[in-house]
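So the structure is just underneath, and the comments pick up after that.
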Amino acid sequence: MAEQELVTIEINGIELQVPKGEMIIESAKRIGVDIPFFCYHPRLGRGQAANCRMCLVEVGTKQPDGSVRMMPKPQTSCSLPASEGLVIYTDTMAIQKARRGILEFLLINHPLDCPICDRGGECPLQNNTLFYGPGVSRFVEEKRHLPKAFPISDYVVLDRERCIHCARCTRFSQEISGDAQLEFLKRGADMMVSTFYDTEFTSRFSGNTIELCPVGALTSRVYRFRARPWDMKSQKSICTRCSNGCNIWLDYRPNRLVRVLGRENEAVNEEWTCDKGKFGHEYVNSDRRLLSPLIRRDGKFVTASWVEAYQLIASRLRQAVEQHGAKSVGAIGGAHLSNEEAYLLQKLMRVAVGTNNIDHRLERNQLPLADNVMLTRFGVPFAQNAIADIEQAKTVFIFGSELVDEQPIVFLRARKAWYRHRAKVVIAYPEVTETELRFDEPLVLRYREGTEAALVNGLIHLLLDSNKAVTDGLSPDDLQALRESVRVYTPEQVAETTGVPVQQLEEAVTLLGEGTVILCGAKVRNHPDHAGLLHALANLTVLTGNAARDNGGLNILLPEVNSHGAADMGVLPDGLPGQAPIGDEEARRRIEQVWGDNLPAEPGFNTHAMLEAAARGQMQVLYIVGEDVAQKYHDPELAQRALENAGFVIVQDLFLTETAQYADVVLPAASVAEKEGTFTNTEGRVQRFWKAFNSPSPEVKPDLNIFAELAVYLGKPIPVFSAEQVMDEIAKVVPAYAACGYEVLPAEGHRVVQGEARLRLTPAAEGAAVV
Amino acid sequence: MGELRVLFQHRDVPGIENLAVYEQHGGYSALRKALGMTRQQVIDEVKASGVRGRGGAGFPAWIKWNGIPKDERQPHYVLCNADEGEPGTFKDRELMMRLPHQLIEGMIIAGYATLAKVGYIYIRGEYTEPARAMRRAIDEAYQAGYLGKNILGSGVDFDLYIHMGAGSYECGEESAMMSSLMGERGQPRLKFPHAPLPTIAGLWDCPTLINNVETLSCVPAIIRNGGAWYASMGTEKSTGTKIFSVSGHVNKPGNYEVEMGTPLMELLELAGGVKGKLKAVIPGGSSVPILPAEKCEVNLDYESLQAAGTMLGSGGFMVLNDTVCIVRFMRRTAAFYAHESCGKCTPCREGTRWMVKIFDRILAGGGRMEDIDLLLDICDQIDGRSYCGLGDAAAWPIRASIKHYRHEYEYYIQHGHSIVEAQAQAIAV
Amino acid sequence: MSERIQLSDYPRVRRIDEKKPPELRFSPQAVEELERIKQHYPTKRAAMLPALWIAQREYGGYLPPEALMEVAYRLGTSYAVVEGVASFYTMYNKRPVGRVMLEVCTNLTCSICGGYEVLRYLEQKLGIRVGETTPDGQFTLTEVECLNDCGNAPVMQVGNRYVGNLTPEKIDALLEELKQTDQHTVVQLADTVVQCHLSESDRQAIAEALAKSSVSQEVDNG
């Protein structure tokens, strides 16, 4: 943080020093003076602000002779930057009259909806009127009438009469989320907020406008008439709908989730949420939640007790291991479990069952750990950059991802980099994306599906030819080998293969310089030659000088809430906790010492191998934890065959999913709101979430407890008293998580990735898609 | 004092809107002279002239000219405010239709002095006839080499574009005009001290000089004859001449250019005198406080009119005789501001519409005595609290009308019809 | 007015597929004109007002949603933003209007010099109220704010022309004239405004571009 120039100003007779250019409304907060406002918001631009006129203060400037020359009109403190010698009065008679006047004006057309308005109880208009407003209105004319309670999407209801025209929603829509779907129509007293011709508000971030709106003009359709603010309690949690790990508040009434609000975390989601998360937690309340264990008898599910279920599972597991070996047992899942639970899952399977057949991955890329390109090249498992650092990038390269859908909060950062810091944007995707519509004229490389490697190698070829490649610290042999291998990827050849014109390739190379953050999504993760493509991207990262920068680097963005954590905790057939390879002697010793037990030495089956073996009838027990494999596996047909032909299927989930239809035992698990733990998000940040309320039935247990209890029945008890205690063990076993004990974990979370980038290059894979 | 034609010197010459005729009468000689001076010398002449913004603000023009940075780190722009919207004003209309080349010459000189290579004339959408005249004249000027690259071989470039508005009085406000020109809703932007002045960061965050049509039209004469010559006319603080657009109940309505400081009654005489009995005058466009007949012994310059409780404003000089009902007239004024309010800030958006509703109720016979003080209070709550000057402009006329004509309001409220009708009837009987 | 409105009573709002470009109906002439006008400014967005005037001309005197979508597409902005701009200014017609628009000023000077009388006269003569269009679609009558030609009060704007010093006789003659001519229609007004933006060199460039594209059209077809 650069040294900021300080200036001396005076507020209500108190002298203070503040950074130059700080808004007076913020400076006043420093001395406890709260200036009322409606339209001001620190994250939204000042351009459309200062329109409610509520934050007026009297302003003067100190003259050289010591006197104060007051400005003739009061000024809005939310847009007035602090400068040397400013004298501010926030509570004179004139200001009090001004505030009363503004509130009177706001209330003349505002409907008396408080009894039926969701905002009541947390409404700045109510609060400010109580403190500063007129007690009685002098308005005896007819109020304006506009369409009320008009649903503009499945999530948002617009009540135009209540709108006070603060422009927060339009500013958010135009500046932050970029879809610019909300705008004011008409002018003067007829002005009203609208989408284009009342069409659907399809923004992915519409939920934020609900939280921004100071009154009840934009309200949540899901939350409508559900509760009053004073009836609810709030608990801190993490959103589970994607891997970004946005911080949220769960507002709840006894044992029922009422709504989700964004929680502030500057490092991750600032204070925003996306609609998937904000409106996507209703499943917690669903009346289709599993309420007790189920056992299949005579082809039908019957309710059973936990004891029965555990006994059955333990006996089948023991039988399978004795008769067919540990290779015939496997567990799939873990990306939706907390770190503590994922850790217990792999400990259970390794210690109590004795197998390495565990994997959390459902996508196509299930490469061995030794082939993890990010680890070998950059020393980090998935992402080099923190989410907050994306903002500082000079260029954002969105590769193979519909970012708005896959990683909404990362998208908001990328957009912030462009909107506020003028970063350049390059997008590579086979089809038209919504993401590219949110930027003004980004460079879009529309390549043919499957030709990703050719595209990247073509860019490397151009980069090397153009002499703009950053080659310091690279071995000349490496460079030569790479040059040879990409020689065949001439611009013309690549243009023909990928369909991207030469001129665009050249433009891309000029834009991808130092300070480029590469964000890779589903197309990269699911590429048939994932390792080859990643090596090419890693080469590109090194050659553009982004191997070891804060504001540059390669990032593989993960699909599920705890994909990162599951990998870190060792839910991998060939990876131990800490993503240490199974053959790593030092890691094995360390873990065996803490666990007091020997680890199975031979690498196990990954998900695909497990499913194939199951389909052939060679798996005796399949333990599916928190994943709907039958529908979500990248080859659903294989998954279904596997479940059909597996000897005994255990499914642990919240609902009776498609997968559960194949189960022999179904165990009811608790949702994120009903337990505590930590998740590791896509940038490697460990964040805590807390328990809000109890599960819908006492028979529903957190996965943590299930694993611990199952271990007892298997004869190898794992003493577990709390998630905190498990994390303490993790801290001993995984060096990167040493600082994650609950006592010491900071509020904004802790990034556990730290890598040494290796400045080497890998020659392009032979024949990689030069079709 | 009296009529003094500086801008209108050649107004009545047939065909003066054509380049050839304009050149015959000394046209573009000021440009030639300016190109031979240094830029600072040009600005100094404008300073010496003391000319003040003729759009209504009365801000000394040279401060803006001198405030443009002297370097060319960014492109500079000249923006001519031809969005004449102030009711009662029609001087720019005539200046553009009759003397388009004078304006063009003024803009080129302004561009030269402020290192601007691009100029825009923002003409309101309704002014298609003046716009066509400007279009013809600009094309002629390009043809003759007064616009475009390397003007008259001086190495100076200047391109002039017309940008038409689409019906919004608020776009006459300089920051709203910039918004409108940049393709947005015509809402004003943050002003000093919240944001830099337009001369530092205006159009597209680049230094921009914004002047009214009349102000820029003064420039050729100032350069030709010198700033001191211009300052020798008028009064000490209000130098030069002003074009007043006289309309309403006069016998010869039209634009009259008079020396600053001319007595108001003399202007009335120039315009053929009042039709009927003089009741009041609004000397500077609808935004300025009304001046009752008793107070009309006053000189027309910024200071004198301010001392008399009104303003010079844009010079839209409306004459009202005693058939005018002040209450109805003020209702129409309030309705104008309510219709033109951009809606950005709370006081103007809500307050102006509220005042119209109160007026409508009074005019329909449902007025109450407390409505008069309520109107005054609303004016107090808008004036000074709004985002831009439109709020102030909405409050001043209403307030002044109540101050001078409270009895008319009271009469209307008590009787449900205008005092003017009662008086007329009394006379008839 | 407190009926119980259920959210489900509202019809489902229409959804626009942002990824699909809208239908483009600008004539080649209009496309070239917009391209030239865009060159006058450093950003595309600044051509918004002229672009809306072109659209108003191309779409027959008013701006249906399709027109706004086309302008948004050509300027690279969102549909809602264009609707916001178009609805701010009074001269963009959001609804279809008659062939000729009669805009009567009733503001300050005109109001004391007979503006309202002109309005009432026209209402009576055309048989419609202010804001309405005659059944034959010829005339739309509106009341407007100050046209700033107060010296000739009462004043009316008819397309690209002001008519002042109005008397009943003058109005009658004017109406007859307007029925015969195309010079002052709503569409002609939009065209006049657009032409004011184009310089001589703009017009030449447009003519050249159109000639070239028609030649290549022939080559393609022939």
Side-chain angles (χ1 to χ4, degrees), chain B residues 75 84-90 92-93 120 123-129 131-132 134-135 138-139 142-143 159 161-169 171 180-187 204 245-249 253-255 282 286 316 318 320-321 323-324 328-329 332-333 336 339-340 342, chain C residues 37 39-53 56 75 77 81-82 84-92 103 105-113 115-116 144-153 155 157 159-162 189 192-201 203:
Chain B
E84 186 168 56
E86 188 72 21
T89 321
F90 45 98
D92 295 340
R93 185 182 170 78
Y120 296 101
I123 308 181
R124 61 180 292 187
E126 295 89 337
Y127 267 12
T128 46
E129 290 145 316
R132 273 163 147 170
M134 289 304 306
R135 175 83 265 149
I138 293 177
D139 287 343
Y142 266 104
Q143 187 88 319
D159 273 314
Y161 301 113
I162 292 181
H163 182 103
M164 299 291 286
S168 166
Y169 164 73
C171 290
S180 182
L181 197 127
M182 295 195 278
E184 302 163 18
R185 290 162 61 85
Q187 294 187 316
W204 304 292
S245 307
V246 185
S247 67
H249 295 142
N255 288 312
I282 303 178
S286 67
M318 287 180 279
L320 282 57
N321 68 14
T323 62
V324 173
R328 267 206 286 274
F329 192 80
R332 191 62 186 84
T333 308
F336 168 71
H339 186 242
E340 297 293 345
C342 78
Chain C
I37 291 176
Q39 313 278 343
H40 297 179
Y41 312 96
T43 65
K44 284 197 297 189
R45 173 92 187 252
M48 174 78 74
L49 266 68
L52 286 168
W53 279 113
Q56 183 148 295
L75 295 180
T77 61
V81 160
V82 174
V85 174
S87 60
F88 182 86
Y89 299 94
T90 58
M91 293 183 82
Y92 295 129
E103 301 178 275
C105 176
T106 56
N107 218 313
L108 306 199
T109 301
C110 290
S111 75
I112 56 174
C113 290
Y116 281 110
V144 293
E145 302 298 338
C146 190
L147 293 168
N148 296 80
D149 195 15
C150 322
N152 296 319
V155 178
Q157 179 177 3
N160 53 15
R161 169 183 168 197
Y162 280 12
L189 166 62
T192 307
V193 171
V194 172
Q195 297 310 318
C196 284
H197 287 91
L198 299 167
S199 67
E200 185 57 48
S201 67
R203 288 193 285 273

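By convention in this document, chain letters (A, B, ...) are assigned in the order of the sequence lines, proteins followed by strands, and residues within each chain are numbered from 1. These figures come from a predicted structure and were not determined experimentally.
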Would you confirm whether [X], through its side chain, and [Y], through its main-chain N or O, come within 3.5 Å as a donor-acceptor pair?
X	Y	result
T90(C)	G167(B)	yes
R45(C)	G183(B)	yes
T128(B)	N160(C)	yes
R135(B)	L198(C)	yes

Go through the atoms of [X] and report whether side chain, backbone, both or neither lie under 4.5 Å from a heavy atom of chain B.
X	answer
E103(C)	neither
S201(C)	neither
V82(C)	neither
L52(C)	neither
Q157(C)	side chain

Is a side-chain donor-acceptor pair under 3.5 Å present for [Y] with [X]?
X	Y	value
H40(C)	Y120(B)	no
T106(C)	R332(B)	yes
Y89(C)	S180(B)	yes

Looking only at non-hydrogen atoms, find the nearest pair between [X] and [Y] and report the distance.
X	Y	answer
F90(B)	N148(C)	CB-O, 3.1 Å
P87(B)	C146(C)	CA-SG, 3.4 Å
H163(B)	A46(C)	CE1-O, 3.7 Å

Can you say whether [X] sits under 4.5 Å from chain C via the side chain, the backbone, both, or neither, judging by heavy atoms?
X	result
E340(B)	side chain
I138(B)	neither
T333(B)	both

By side-chain contact (heavy atoms from CB on, under 4.5 Å) - contacts of Q39(C) (at least two apart):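 Q39(C) satisfies side-chain contact (heavy atoms from CB on, under 4.5 Å) with no other residue.
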Residue, of E86(B), E126(B), M182(B), M164(B), that accumulates the most heavy atom pairs under 4.5 Å with chain C: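 Winner by heavy-atom pair count: E126(B).
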